[in-house]
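These notes are about the structure you will find just below.
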Number of protein chains: 2
Amino acid sequence: MTALDRGETHAQRAVITLRQRILNGDLPGGTRLFEVALAEELGISRTPVRAALARLAEEALLDRTSGGGFVVRSFAVADVVDTIELRGVLEGTAARLAAERGAPVGLLTEADMILCQIDGLFLAEQFDMDGYSQLNTQFHNLLARLSQSAVLIREIERTTALPFASPSAFLDDQSRQAELIKTLAAAQAQHRAIIEAITNREGFRAESLAREHARAARRNVEFLLSHEPALREGVPSLAILSA
Amino acid sequence: MTALDRGETHAQRAVITLRQRILNGDLPGGTRLFEVALAEELGISRTPVRAALARLAEEALLDRTSGGGFVVRSFAVADVVDTIELRGVLEGTAARLAAERGAPVGLLTEADMILCQIDGLFLAEQFDMDGYSQLNTQFHNLLARLSQSAVLIREIERTTALPFASPSAFLDDQSRQAELIKTLAAAQAQHRAIIEAITNREGFRAESLAREHARAARRNVEFLLSHEPALREGVPSLAILSA
DNA sequence: TGTGATCGGGATGTATACATGATGATCCAA
DNA sequence: TTGGATCATCATGTATACATCCCGATCACA
């Protein structure tokens, strides 16, 4: 409405704002969201608020209540672990299908290029974590596409939309960078093994490797949660966890 | 608004109507849905129509277009096959987790009761397909719950909401009832084996069996589609397939 | 003829008033 | 005191008018 629109609608901005607050933990799980209150707070009318809430429900960040309202979805530790497990299962299926059905050479080449770029990062003096994070995300997106299954790609996207389930979750944990980098070499070896298995049409091996690969994230969560709560503070991906 | 409301809102009724039309194939994949047109046709205003469209997008029956509208999602044969495969993968994971984590005795007992009831159906002179369909659905719901994972239960529900991916899809195919019944005995044997594997904490076996169990549905689809289109006519679950 | 600007129609986006319905407090009566 | 009815309150549901924006058609110009 105002002159400073950046081509975004009120509803889109409301989605972004609310998503941020939920992921930050500012809106803890179980919090009921009232249309009128949000509308007043955001300075818009109820209509775009309703639209925003519906979209966040689509993203699985909100649950619909029986009466017709919305509450922030609660994520317990078990949910985080299970969602990561689910990602492993889905990516494993993508890898298996890629092996069984045969992957397009073009995509395999693309995968190889990404892996070579990651290799390059390990040679630098100062490890570029942001660069790794980006390339890692690219690799995992590519893995989904290798399955050549629109259904699977869709579901993997859905699942990894949750911050703690994304392939690059926990890479932003500043306090443990040094230890983290060591584990990334092992992760990269797994990347290569997965692509090798797909290339060789070894479906079972490809699936097993992709599953195990996701276990690294699970170990990370379990480590972070088994220690002082102070450790969790520096890990944005875990802010959404309910108390 | 009129006096004949059955406690349902206009939006809820619009969801039901539109869902029916999509599943029937009356609204083919790719059809764009316009708010104004639907509102006029359904005799309600745009507001509940918008709400209905948002909910159907949540159910993955509609896709949002870039411009802000909605189109009916297209389901090609490959999508149907992959979705059934996905169900197998998810149910397999549920079975594996149940085995690995240990299933509550109460749920295992419940499973056994359902299986005994199904056994009973095979003894009757006239096979009760509706009864089987119901018990089969119950069994699959229970299998999800055996995993004791809220995340997995949620995703299995989401996936099986599509008519052709439901565990009891294709049981309503009237033309092939006789042949169908023969295959159901094998399916029931798989049911028992899955529960046995879970009871014995045999995770890998439980997962493999559940996956194979879903393959029966896939074989059914592939059989139906490899023959005269006439065969498809009597199979409501496949009406949604795009041409 | 190709290219780009302009304009119009139709679609979604938004605000708002009012309707409806659920919920809980209050008060009366047994 | 307890049960239940009633009513106020506040939430969502709905209709509708208006705003905005996208897109395609048309036309002028190079």
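First the proteins, then the strands, lettered A, B, ... as listed; each starts at 1. The figures that follow rest on heavy atoms only: side chains count, while hydrogens, waters and symmetry mates do not. Remember, it's a predicted structure, so these values are computed and weren't measured experimentally.
Contact annotation: B:H10 does not reach the phosphate of C:dT20 (side-chain N/O to OP1 or OP2, under 4.0 Å). Put simply, A:T47 has no side-chain N or O that comes within less than 4.0 Å of OP1 or OP2 on C:dT14.
Inspection of the B:T9 and B:Q12 side chains reveals an N or O donor paired with an N or O acceptor under 3.5 Å. For the residue pair B:H213 / B:E91, no side-chain donor-acceptor distance below 3.5 Å is found, with atom types taken as modelled.
Contact of the B:T93 side chain with the B:I156 side chain is not registered, since no non-hydrogen atoms from C-beta on lie closer than 4.5 Å.
Of the residues in residues 28-38 of chain B, those with a non-hydrogen atom less than 4.0 angstrom from any atom of DNA chain C are B:R32, B:L33, B:F34, B:E35, B:V36.
Nearest-nucleotide assignment on DNA chain C puts the 5′-proximal partner with B:G69, out of B:G69 and A:G43.
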Compile the donor-acceptor pairs under 3.5 Å between side chains in residues 49-59 of chain A and protein atoms, sequence neighbours left out, one pair per line.
residue, atom, partner, partner atom, Å
A:R50, NH1, A:E35, OE2, 2.8
A:E58, OE2, B:R64, NE, 3.1
A:E58, OE2, B:R64, NH2, 2.5
A:E59, OE1, A:R19, NE, 3.0
A:E59, OE2, A:R19, NH2, 2.8

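Here the nucleotide nearest the side chain of A:A11, chosen from D:dT14, C:dT14, C:dA15, is C:dT14. Proximity note for A:R50 (side chain, C-beta onward) versus D:dT12, C:dA15, C:dT14: the nearest is D:dT12.
No engagement by A:A51 is indicated, since no non-hydrogen atom pair under 4.0 Å with the nucleic acid exists.
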Between B:F164 and B:F75, does a ring pair (Phe, Tyr, Trp, His ring centres under 6.0 Å) hold up when you go through it step by step? CA-CA 10 Å; B:F164 53 77; B:F75 289 97; 5.3 Å; yes
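With salt bridges taken as basic N to acidic carboxylate O contacts below 4.0 Å, none links A:R154 and B:D82.
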